[in-house]
Structure formats: C-alpha cells, structure tokens
Amino acid sequence: MHPRNLYKDNAPDFRSLAKLFPSFQPLQLTLCLLKRDFGLEIDFPLDTLCPPVPNRLNYILWLEDILAETTQADAETVISGIDIGVGASCIYPLLGCANNKNWRFVGTEIDKRSLEYAKKNVWRNKLSDRIRLIHNMDATKIFNFLESDDSRYAFSMCNPPFYESKEEIEEAYLSKDLAPSAVCMGTENEMITEGGEYGFLKRMIQESLIYKERIRWYTSLIGQKKSIKPLVRLLKYEKINNYVVTEFSQGRTKRWAIAWSFFPARAVTVKSLEFYRPKCRFVLIIPKSMDFADSQLDAIFQDLNVTTNVSRSNASISLRGEPLHNTWSRAARRQKKRQRVEEKIEDVADANSDPLFGFDVRLQPTESVNECEVMISWLNGEDRNVFESFWNHVKKRLQEACGIKTGSAFAA
C-alpha cells in the first residue's frame, strides 16, 4: 500500500464501524469508509462494481506523487483531471476532490443508468462545480470529448474492463483460490470490452498519440499482470519512452497501474516496478569517500561547463544540473583542445538555450569504510542516448580519479 494511505497498517475495525453505523453489512463497507473518512455519501445499484476504498485511494495517492514530482503546481494550483468510465459510484472524482481541494474532474461514462447514479452522487456531495460528467455515446472512442474541448488536463485515469468475454470471466473465476465472495461483480459494460483489458488500453495508447500534450499523464489501472509486458512493448514501439508501472496491494488482491507522458519530466522517485521502468537511473560504487566524489564531480562539471545546484546533509550530497550543450562528446572535447592551443576559449553555454536534459547525482556512503555510492537519475529530457553518453563520460572520469582503469582516457 501507498505509505500515505490511511488504511496501511490500519485495517478497518468492523466492530467499531458496526457501532457507528447500525446498518453496517459487509457490502456496505465502502459506504461506511467513504462517509467516516472522507465525508462522502454515495449510492449505486447492487449489480454494479462496488469499489474498495483503500485500493482506489492508492491510485489517487500515486497520481498525487507523479504530479508533485513532474509539475510545478503548488498547493493553490487548480489540477484538472479526466476519469474514463466513472461508473455508478463516481468513486475516483469524488475521492480525488475530497482528498485535494484544488482538483477538478471531467468524467465520462457509456452506460446511461450508471451515469444517472454518478450525477446524483456528485449532486449529493455538493461537488457539481468541480465534477462535470459526460455521456460517451461512442464506445469505440475513449477521449472523443476532447474533439470539442480545447482544455488541457494534468492527468487521465481509468479502471478499464478486464475481460473480453463471459467465458474469460468464468475461466478467471475457476482459476482463483479465492472464496466466491471475493469474486468481482459488475455489469457487462464494466467487466467486458472488445479485445479485453489489453485491447482497451491499446486503443487508449493509440488515441493518446493524437492528443499527446493535451494530457500531461495518461494513466490506467491494470487488473491482469499478463497485460503489462505487451503494453510496455507497445509504448516502446510507438516511441513513448516516458512511462512508469506500479503495483497496488490490498490484502490478497493485487492490481497494477501504468502511466505515460509526452512531456520530458520523468517520475523518477515515485513507487514503481523497476523491471518495467525505462532505464533512467544508474549506480556506481567507488572506493573513495563522499567528499572525494563531491570534489571530483565539481571539477568535472566545471570542465564541462555544466552548472549545478548543490544540497548537502550529513547523510548525502545532491547535485542537480541541466546541460545546455553536449560538451563531453569526443568532437566537442577535440574542439575545446584546439581552442585552448589557439588561446581562443569560448563559452559554449547559452543562457537562452533549452537544456538537453536534467539530472540529479546523489552521493551517499555505503556500509563499507571509505566507499561511496554515486547514483544519477534522468529527471527530464527526450534523448536517452545523450543522457547516457553524459553519464558514461562522467563515470569514466570518476573511475580514473579513483585509479580504476577503464580502457580509455579523456584529454582535458
């Protein structure tokens, strides 16, 4: 569970809930938690999905983390999001607005009955000024409302149907070791879609190629782990290299989520499954102290005309920078050497240039004496090759300063 989730290490006490709410029954757990912890009152038909609050809250908190790391929004900035398929409960917009006073939502729904319940839930909680609901009358399109809406959004979220057919639902039920009460119940629209979960998210990725920067982060819940690898392959095929995958746990139930963006800012520190993450972090262990690494990096960055912001504590040192030009390539360094010979030193940096990428180098001691961990993170940028060539250059110079032979030398 997300570390800020109020249900982490604090499972609901059914007895106390029963005392607070005499009508409490197992199926009413969602209603009671929403009322007690978020002041929300909702109603939905018994044959539609009953959303587990801790799991839904995990998704909201994860989105908060992504936005906090990749945007400049402050506590007063209005955040506009999209929920694809709000369902009868309208759980995500309601929970998102209850947890964030500055969030606004546009929610879509293809089922008329579910849409009517969702509208009543929004009205019941006095959130009509922050949540706008739209009937999507074309199930083959996901973001079609954007055709007549020129707004930009911070994120989109979705809990798509998991299955392709009723037979697949039955197979999933038979393969589970769970009691029947744990089996997901819902309407056909909520459970089944053409091509199953992967087919739906494939369409979402393809539509995102049309709208791109209209939405900063496209995200979705994933119900079946087998969907993750083909989705990541599709993102790579479409040359979308800024994405992240995470896992949510609630008791014995696991769900996953995927997010991708056409913006350069990367979600480096948010909870993710490293196996699926694009390589954006590298670690080097050197047989020297943290202070030694700090002084060497300072000299290297000065030589490369890379300005850094440094923050220091007893436990670590962080150096952040945004190179404006490639000053570390062989061609660039040969040119610099010629300029020195001719005494024509030129400042290659241009304050008006856009950075090639952003990086953070973090130094911290290891458990071994006189040993230091150097970890670099790719914070933003679109060209992975440029970032990796920069790191390879810095790494080799650090290794050489430590007396580690790397097979090549860099002429100053």
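- For the residue pair N392/E388, the side-chain donor-acceptor check at 3.5 Å is not satisfied.
- Not a single donor-acceptor pair under 3.5 Å links the side chain of N125 to the backbone N or O of I42.
- Both tests do not hold together for K35 against F38: distance to the six-membered ring centre under 6.0 Å, angle to the ring axis within 45°.
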* To do: Apply salt bridge (charged side-chain N to carboxylate O under 4.0 Å, His left out) to the pair D150 and R214, showing each step before the final yes or no.
  => CA-CA 8 Å; D150 60 359; R214 291 282 304 280; over 6 Å; no
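- The aromatic rings of W260 and Y218 sit parallel, their planes meeting at an angle under 30°, below the 60° perpendicular limit.
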* L363 and L319: CA distance, side-chain angles, deciding distance, side-chain contact (heavy atoms from CB on, under 4.5 Å) verdict -> CA-CA 9 Å; L363 309 176; L319 302 92; 4.2 Å; yes
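- Without hydrogens or angle criteria, N144 side chain to D138 main chain gives no donor-acceptor distance under 3.5 Å.
- In this structure a side-chain-to-backbone donor-acceptor pair under 3.5 Å is present from S289 to F292.
- Considering all non-hydrogen atoms of both residues, T219 and M204 come closest at O-SD, 4.2 Å.
- You'll find the side chain of Y7 stays beyond 4.5 Å of the side chain of N55, heavy atoms only.
- Under the 3.5 Å distance criterion, the side-chain polar atoms of Q364 are left unmatched by any main-chain donor or acceptor of I317.
- In the model, R130 has no side-chain atom that pairs as donor or acceptor with a side-chain atom of N102 under 3.5 Å.
- Judged by distance alone, with hydrogens and angles left aside, the side-chain atoms of N242 form a donor-acceptor pair with the main-chain N or O of A265 at under 3.5 Å.
- Aromatic ring centroids of F390 and F359 lie under 6.0 Å apart.
- A salt bridge is absent between D291 and R312; no separation between the charged side-chain nitrogens and carboxylate oxygens falls under 4.0 Å.
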* Checking side-chain contact (heavy atoms from CB on, under 4.5 Å) for the pair I222/L231: CA distance, chi angles, key distance, verdict? -> CA-CA 10 Å; I222 297 175; L231 288 171; 3.8 Å; yes
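- Using a 4.5 Å cut-off on side-chain heavy atoms (C-beta onward), V268 and R281 make contact.
- Without hydrogens or angle criteria, D83 side chain to V106 main chain gives no donor-acceptor distance under 3.5 Å.
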* Stepwise ring-ring contact (aromatic ring centres under 6.0 Å, His included) check, Y59 with W256 -> CA-CA 9 Å; Y59 193 173; W256 300 265; over 10 Å; no
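- The side-chain tip of R255 does not point at the ring of F248 from less than 6.0 angstrom away and within 45° of straight on.
- Using a 4.0 Å cut-off between charged side-chain N and carboxylate O, K141 and E147 make a salt bridge.
- Pairing each heavy atom of L95 with each of V53, the nearest pair is CD2-O, 4.4 Å.
- Judged by distance alone, with hydrogens and angles left aside, the side-chain atoms of N326 form a donor-acceptor pair with the main-chain N or O of S329 at under 3.5 Å.
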* To do: Take L297 and F301 through the test side-chain contact (heavy atoms from CB on, under 4.5 Å) and record every step on the way to the result.
  => CA-CA 6 Å; L297 285 171; F301 292 150; 4.1 Å; yes
* Let me see the working for D360 and S318 under side-chain hydrogen bond (donor to acceptor under 3.5 Å, both in side chains), right down to the final yes or no. => CA-CA 7 Å; D360 174 78; S318 173; 2.5 Å; yes
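- To the nearest 0.5 angstrom, I228 atom CD1 is 6.5 Å from K225 atom NZ.
- In this structure, E274 pairs ionically with R277, as a charged nitrogen and a carboxylate oxygen lie closer than 4.0 Å.
- E238 is listed as a side-chain neighbour of L209, based on a closest heavy-atom distance under 4.5 Å.
- Between V386 and F357 there is a side-chain heavy-atom pair separated by less than 4.5 Å.
- Contact detail for R362 and S316: the closest heavy-atom pair is NH1-OG, 3.7 Å.
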* Check the pair E76, K101 against salt bridge (charged side-chain N to carboxylate O under 4.0 Å, His left out), reporting the backbone distance first and the verdict last. => CA-CA 9 Å; E76 302 303 319; K101 66 177 182 178; 3.7 Å; yes
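- How far CD1 of I205 is from OG of S220: 9.0 Å, rounded to the nearest 0.5 Å.
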* side-chain contact (heavy atoms from CB on, under 4.5 Å) evaluation trace for N159 with I91 -> CA-CA 11 Å; N159 182 16; I91 183 67; over 6 Å; no
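- Residues L221 and P160 share a closest heavy-atom pair of O-CD, 3.3 Å.
- A donor-acceptor contact closer than 3.5 angstrom links the side chains of N99 and E64.
- Annotation: Y117 is not in aromatic contact with F44 [ring centroid separation under 6.0 Å not met].
- By the 4.5 Å heavy-atom criterion applied to side chains, E322 and L356 are not counted as neighbours.
- Counting only distance, with no hydrogens or angles, the side chain of T246 and the backbone of K271 share a donor-acceptor pair below 3.5 Å.
- Aromatic pair F262/W217: centroids not less than 6.0 angstrom apart.
- Cation-pi contact between R384 and W378: absent, since separation from the ring centre below 6.0 Å together with deviation from the ring axis within 45° is not met.
- Under the 4.5 Å side-chain criterion, counting only non-hydrogen atoms from C-beta, P51 is in contact with T30.
- Under the 3.5 Å distance criterion, the side-chain polar atoms of R266 are matched with a main-chain donor or acceptor of G381.
- In this structure, the separation between SG on C97 and CD1 on I131 is 4.0 Å, given to the nearest 0.5 Å.
- In this structure, the separation between CG on L127 and CG on L94 is 6.0 Å, given to the nearest 0.5 Å.
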* **Pair E247-K254, salt bridge (charged side-chain N to carboxylate O under 4.0 Å, His left out): steps then yes or no** => CA-CA 7 Å; E247 178 182 85; K254 288 185 182 295; 3.4 Å; yes
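- Remark: L133 CG to C90 SG distance equals 5.0 Å, nearest 0.5 Å.
- Side-chain atoms of Y198 and Q224, non-hydrogen and from C-beta on, never get closer than 4.5 Å to each other.
- E109 and S114 share no donor-acceptor pair across their side chains, judged by distance under 3.5 Å alone.
- Across all non-hydrogen atoms, the minimal contact from P54 to L33 is CD-CD1, 4.4 Å.
- Between the side chain of H135 and the main chain of I110, a donor-acceptor pair closer than 3.5 Å is present.
- I84 is not listed as a side-chain neighbour of M157, based on a closest heavy-atom distance of 4.5 Å or more.
- L324 CG to T307 OG1: the interatomic distance, rounded to the nearest 0.5 Å, is 7.5 Å.
- Looking only at atom types and distance, the side chain of E373 has no donor-acceptor partner in the side chain of T366 under 3.5 Å away.
- Counted by atom type alone, T77 and D74 present one or more donor-acceptor pairs between their side chains at under 3.5 Å.
- Residues R216 and S261 share a closest heavy-atom pair of O-OG, 2.6 Å.
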